[in-house]
Amino acid sequence: EFRRVLFRSNVRVEANGNDAAYRALGDAARVREAVLDAERELAAGGRVLVRPSGTEPLIRVMVEGGDADQVARIGREIADAVESAAGELA
């Protein structure tokens with residue numbers, strides 16, 4: 001039986017009224033790089049989703065895969081990249 005593990009994180013973003021920049025965080029270079037690295041590492045064994053919340057100033061990070069430690073590490077790396085990119089908005 002194949003077990004799936006899900007990592008979820010909500011990164012709060014202080015957009016200071018700059019909704020366009022907040023919504024573009026998922027496309028920031030460091031976030032794109034972290035997502036591409038994660039997709040390469042997970043290959044066909046998992047998936048990654050990074051998207052802005054539609055109702056709150058949050059970027060949602062979700063990683064799914066078969067290995068709990070790997071999924072948690074990758075999810076945290078992506079969330080850290082989002083936090084770092086968000087820090088540039090402040």
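Interatomic distance, CG of Asp37 versus CZ of Arg32, reported as 12.5 Å (0.5 Å rounding). Atoms CG and CD1, from Leu49 and Ile78 in turn, are 9.5 Å apart once rounded to the nearest 0.5 Å. Taken from CG in Asp67 to CZ in Arg4, the straight-line distance is 11.0 Å, to the nearest 0.5 Å.
Both Val5 and Val61 are assigned to one and the same hydrophobic cluster, defined by single-linkage of ILVMFWY side chains at heavy-atom distances under 4.5 Å.
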Starting from the C-alpha separation in whole Å, work towards a yes-or-no answer on side-chain contact (heavy atoms from CB on, under 4.5 Å) for Asn10 and Ile59. CA-CA 6 Å; Asn10 295 316; Ile59 300 294; over 6 Å; no
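Residues meeting the side chain to side chain contact (heavy atoms under 4.5 Å, CB included) test with Glu41, sequence neighbours left out: Gln70, Arg73, Ile74. Judged as a side chain to side chain contact (heavy atoms under 4.5 Å, CB included), and not counting sequence neighbours, the contacts of Val31 are Ala28, Val35, Val50, Ala81, Val82, Ala85. Arg47 meets the salt bridge (Lys or Arg N to Asp or Glu O under 4.0 Å) test with Glu64; sequence neighbours excluded. Under the salt bridge (Lys or Arg N to Asp or Glu O under 4.0 Å) criterion, Arg51 pairs with no residue, sequence neighbours left out.
Nearest heavy-atom pair across Ser53 and Arg60 is OG-NH2, 3.2 Å. For the residue pair Ala38 and Val48, the shortest heavy atom distance occurs at CB-CG2, 3.8 Å.
Looking at Arg76, Arg30, Arg12 one by one, the single match for salt bridge (Lys or Arg N to Asp or Glu O under 4.0 Å) with Glu83 turns out to be Arg76.
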